[in-house]
Trainee: 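Quick one: this structure, given as structure tokens, is what I'll be asking you about.
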Amino acid sequence: KIAEKLANELRHIPGAADVHVQQALDQPTLHMEIDRTRVQALGLQAKDVAQNLLVSLSSSFQTAPTFWLDPKNGVSYSVAVQTPQYRLDTYQSLQNTPVTGSGPNLRPQILANLVTTSTTARPAVISHYNAQPMINVYSSVDGRDLGGVADEVALQVKNIEKELPKGSHIITRGQVQTMKTSFTGLAFGLLGAIVLAYLLIVVNFQSWLDPFIIITALPGALAGICWMLLITHTTLSVPSLTGAIMCMGVATANSILMVSFAREQMDEGKSPLDAAVEAGFVRMRPVIMTALAMIIGMVPMAIGLGEGGEQNAPLGRAVIGGLLFATFATLFFVPCVFSMIHGWLEKRKSHGRREAIA
């Protein structure tokens with residue numbers, strides 16, 4: 001009843017399609033209970049009754065598999081004995097199934113004398129999860145993103161869990177678990193890419209400050225990715241997160257060009273502000289060329305041309321949006337941060353020199 005109630009609630013969720021309870025819980029069933037006292041009095045065993053009934057219903061291959069080897073071609077064929085279905089077309093025919101034993105001097109008996117038959121309704125299929133019986137409520141997604149439907153499903157599950165009997169619980173499985181695992185792994189991958197890129201630049205620049213200035217362009221890239229996905233009505237997915245990781249590398253490389261040239265200008269004696277302005281003018285062309293080449297290369301993928309092209313379209317859109325904002329941040333924001341931080345450091349050094357002279 002709880003599974004049916006949950007399925008009814010899920011049918012009202014926008015985007016949920018083909019919601020149904022997988023197991024048939026009311027299949028008409030013939031329940032046969034063996035009269036063990038009578039069976040033993042006749043010299044038979046319960047397994048004799050079961051095996052003879054299985055031979056009639058599902059062949060002898062279920063109870064005693066037999067194979068015949070053809071000497072001509074060397075191929076083994078399974079040999080199965082089963083009562084023809086047209087001879088079991090009535091309930092009385094089933095009751096007249098002969099039951100024989102393996103002992104000597106045992107007379108065959110009919111099934112009706114050994115069992116008590118009653119009609120009932122039972123599940124057609126019994127499924128298990130971690131050795132516990134379970135009932136599956138299936139739902140597909142149509143016309144909406146999986147994450148949005150999964151959030152509303154989780155809300156309905158939380159509301160109906162209050163009605164569960166003790167020892168029972170509801171678990172959401174399927175593509176939702178795969179999605180959450182993939183998103184978690186890619187989120188850590190994105191964060192790890194930024195941290196590793198920062199540490200690598202620290203080693204090359206022999207400084208903690210300039211690498212920090214370099215990665216200040218990355219928040220702009222992340223903002224561009226979010227805006228592009230929002231404008232194009234593209235949901236967050238594995239390809240889009242993969243594109244975000246790709247965008248981090250290109251944005252970092254462009255920012256390195258800017259900051260390294262500004263440091264060279266400062267080493268030649270220019271002020272931080274003049275060095276930042278000079279770097280913005282001189283490095284504008286290579287930065288734009290690098291970003292533009294990547295953006296043009298991603299346009300066909302972002303449009304999603306060809307059969308199955310929409311699968312990788314989020315990757316191209318994420319890269320394009322991230323590079324658009326990252327290029328703007330590299331050309332304008334990074335020089336401003338560079339001039340402010342190094343200008344503050346220059347003032348602090350000059351103030352320290354004055355105090356030392358005084």
Trainee: Does Ile126 have more than 12 heavy atoms from other residues, nucleotides or ligands lying within 6.0 Å of its CD1?
Mentor: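 Atom CD1 in Ile126 is not packed in, count stays at 12 or less.
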Trainee: Is there a side-chain contact between Leu222 and Leu190, using heavy atoms and a 4.5 Å cut-off?
Mentor: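 Yes, side chains in contact.
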Trainee: Within a reach of under 6.0 Å around NE2 of His12, are more than 12 heavy atoms found that belong to other residues, nucleotides or ligands?
Mentor: no
Trainee: So, Asn312 side chain and Leu315 main chain: donor-acceptor pair closer than 3.5 Å or not?
Mentor: no
Trainee: Locate the shortest heavy-atom distance separating Ala291 from Asn254; write the atom from each residue and the value.
Mentor: CB-ND2, 4.2 Å
Trainee: Check this for me: Gln175, atom CD, are more than 12 non-hydrogen atoms of other residues, nucleotides or ligands nearer than 6.0 Å?
Mentor: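 At most 12 heavy atoms, drawn from other residues, nucleotides or ligands, come within 6.0 Å of this atom.
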Trainee: Is the number of heavy atoms from other residues, nucleotides or ligands under 6.0 Å of Phe212 CZ greater than 12?
Mentor: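 No, not enclosed.
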Trainee: Without swapping roles, check the side chain of Asp48 against the backbone of Gln45 for a donor-acceptor pair under 3.5 Å.
Mentor: yes
Trainee: Do Phe338 and Met258 come close enough that some side-chain heavy atom pair is under 4.5 Å?
Mentor: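 No. Closest side-chain heavy atoms not under 4.5 Å.
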Trainee: Verify the cluster assignment for Leu230 and Ile303: are they in a single hydrophobic cluster under the rule of side-chain heavy atoms below 4.5 Å apart?
Mentor: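 Yes, because Leu230 and Ile303 connect within a single hydrophobic cluster, where side-chain heavy atoms sit under 4.5 Å apart.
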Trainee: Quick one, Asn113 with Val99, criterion side chain to side chain contact (heavy atoms under 4.5 Å, CB included). Give me CA distance, side-chain angles, the key distance, then yes/no.
Mentor: CA-CA 10 Å; Asn113 295 337; Val99 178; over 6 Å; no
Trainee: Do you reckon Val202 sits in the same ILVMFWY cluster as Leu218, going by side-chain contacts under 4.5 Å, direct or chained?
Mentor: yes
Trainee: I'd like to check Glu278 versus Glu268 (side-chain heavy atoms, cut-off strictly below 4.5 Å). Are they in contact?
Mentor: no
Trainee: Quick one: does Thr29's side chain have a donor or acceptor within less than 3.5 Å of a partner on His31's backbone?
Mentor: no
Trainee: Do Thr234 and Ser240 make a side-chain contact, defined as non-hydrogen atoms from C-beta onward lying under 4.5 Å apart?
Mentor: no
Trainee: Given 3.5 Å as the limit, does a donor-acceptor pair link the side chain of Asn130 with the main chain of Gln132, or not?
Mentor: no
Trainee: Is atom CD1 of Ile135 surrounded by more than 12 heavy atoms (other residues, nucleotides or ligands) closer than 6.0 Å?
Mentor: no
Trainee: Side chain of Asn52, backbone of Thr100: donor and acceptor closer than 3.5 Å?
Mentor: yes
Trainee: Report yes if some heavy atom in the side chain of Val337 is under 4.5 Å from a heavy atom in the side chain of Ile341; otherwise report no.
Mentor: yes
Trainee: Would you say the side chain of Ile34 lies within less than 4.5 Å of the side chain of Val115, judging by non-hydrogen atoms?
Mentor: yes
Trainee: Step by step, work out the side chain to side chain contact (heavy atoms under 4.5 Å, CB included) result for Met32 and Leu111.
Mentor: CA-CA 10 Å; Met32 296 183 178; Leu111 183 66; 3.9 Å; yes
Trainee: Under the side chain to side chain contact (heavy atoms under 4.5 Å, CB included) rule, what do Val149 and Val153 come out as? Steps first, then yes or no, please.
Mentor: CA-CA 6 Å; Val149 176; Val153 168; 4.1 Å; yes
Trainee: So how far is it from Arg263 CZ to Asp210 CG, rounded to the nearest 0.5 Å?
Mentor: 4.5 Å
Trainee: Honestly curious: do Met294 and Trp227 fall in one hydrophobic cluster under the side-chain, below-4.5 Å linking rule?
Mentor: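 Yes, one cluster joins them.
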Trainee: Might you point out which heavy atoms bring Arg87 and Ser93 nearest each other, and give the distance in Å?
Mentor: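 Arg87 and Ser93 have their closest heavy atoms at O-CB, 3.2 Å.
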Trainee: Can you classify the ring geometry of His20 versus Tyr138 as parallel (below 30°), tilted (30 to 60°) or perpendicular (above 60°)?
Mentor: parallel
Trainee: Give me the atom names and distance for the closest heavy-atom approach of Leu10 to Ala16.
Mentor: O-CB, 3.4 Å
Trainee: Mark yes or no for whether Ser260, through its side chain, and Ile256, through its backbone, hold a donor-acceptor pair below 3.5 Å.
Mentor: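 Judged by distance alone, yes, a pair lies under 3.5 Å.
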Trainee: Does one hydrophobic cluster hold both Leu257 and Leu200, with members joined at side-chain heavy-atom distances below 4.5 Å?
Mentor: no
Trainee: Could you measure the distance from the CE atom of Met134 to the OH atom of Tyr129? Nearest 0.5 Å is fine.
Mentor: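 It comes to 8.5 Å.
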Trainee: Spell out, as yes or no, whether a donor-acceptor pair under 3.5 Å connects the side chain of Tyr198 to the backbone of Trp208.
Mentor: yes
Trainee: Among Leu273, Ile213, Val277, Asp274, whose side chain to side chain contact (heavy atoms under 4.5 Å, CB included) with Ser339 holds?
Mentor: Leu273
Trainee: Between Leu331 and Met284, which heavy-atom pair has the shortest distance, and what is it?
Mentor: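 Nearest pair, atom of Leu331 first, then Met284: CD2-CA, 3.8 Å.
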Trainee: So how far is it from Ile194 CD1 to Leu199 CG, rounded to the nearest 0.5 Å?
Mentor: 12.0 Å
Trainee: Taking all non-hydrogen atoms of both residues into account, name the closest pair between Met228 and Gly321 and its distance.
Mentor: CB-CA, 3.7 Å
Trainee: In the structure I gave you, are the side-chain heavy atoms of Ile2 and Pro165 within less than 4.5 Å of one another anywhere?
Mentor: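 Side chain of Ile2 against side chain of Pro165, heavy atoms only: contact under 4.5 Å found.
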Trainee: Would you say Thr97's side chain and Leu94's backbone share a donor-acceptor pair under 3.5 angstrom?
Mentor: yes
Trainee: Identify, with sequence neighbours excluded, every residue that meets side chain to side chain contact (heavy atoms under 4.5 Å, CB included) alongside Phe67.
Mentor: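 Once residues adjacent in sequence are excluded, the partners of Phe67 under the side chain to side chain contact (heavy atoms under 4.5 Å, CB included) criterion are Phe61, Pro65, Ser78.
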Trainee: Atom CD of Glu9 and atom CG of Asn159: how far apart are they, to the nearest 0.5 Å?
Mentor: 8.0 Å
Trainee: Holding to side chain to side chain contact (heavy atoms under 4.5 Å, CB included), I want the full list of residues that pass it with Ala112, two or more places apart in sequence or in another chain.
Mentor: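 Applying side chain to side chain contact (heavy atoms under 4.5 Å, CB included) to Ala112 gives Gln95, Ile110.
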Trainee: Roughly how far apart are Gln177 CD and Ser182 OG, rounded to 0.5 Å?
Mentor: 11.5 Å
Trainee: On a heavy-atom basis, which atom in Ala275 and which in Ala262 lie closest, and how many Å separate them?
Mentor: CB-O, 3.5 Å
Trainee: State whether the side chain of Ser255 and the backbone N or O of Ala251 hold a donor-acceptor pair below 3.5 Å, judged by distance alone.
Mentor: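 A pair under 3.5 Å: no.
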Trainee: Which value, rounded to the nearest 0.5 Å, describes the distance between His169 atom NE2 and Glu161 atom CD?
Mentor: 9.5 Å
Trainee: Are more than 12 heavy atoms from other residues, nucleotides or ligands located less than 6.0 Å from atom CZ of Arg36?
Mentor: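 Incorrect, the count does not exceed 12.
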Trainee: Quick one: which of Thr90, Asn96, Asp89 gives a side-chain hydrogen bond (donor to acceptor under 3.5 Å, both in side chains) with Gln92?
Mentor: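 Only match with Gln92 under side-chain hydrogen bond (donor to acceptor under 3.5 Å, both in side chains): Asn96.
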Trainee: Around Asp70, counting heavy atoms of other residues, nucleotides and ligands shown, do more than 12 lie under 6.0 Å from its CG?
Mentor: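 For Asp70, atom CG is crowded (more than 12 foreign heavy atoms under 6.0 Å).
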Trainee: Within the 4.5 Å heavy-atom criterion, are Ile13 and Arg144 side-chain neighbours or not?
Mentor: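 When only atoms from C-beta onward are counted, Arg144 and Ile13 do touch, with a gap below 4.5 Å.
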Trainee: Please determine whether residues Val299 and Met301 belong to a single hydrophobic cluster, defined as Ile, Leu, Val, Met, Phe, Trp and Tyr linked transitively by side-chain heavy-atom distances below 4.5 Å.
Mentor: yes
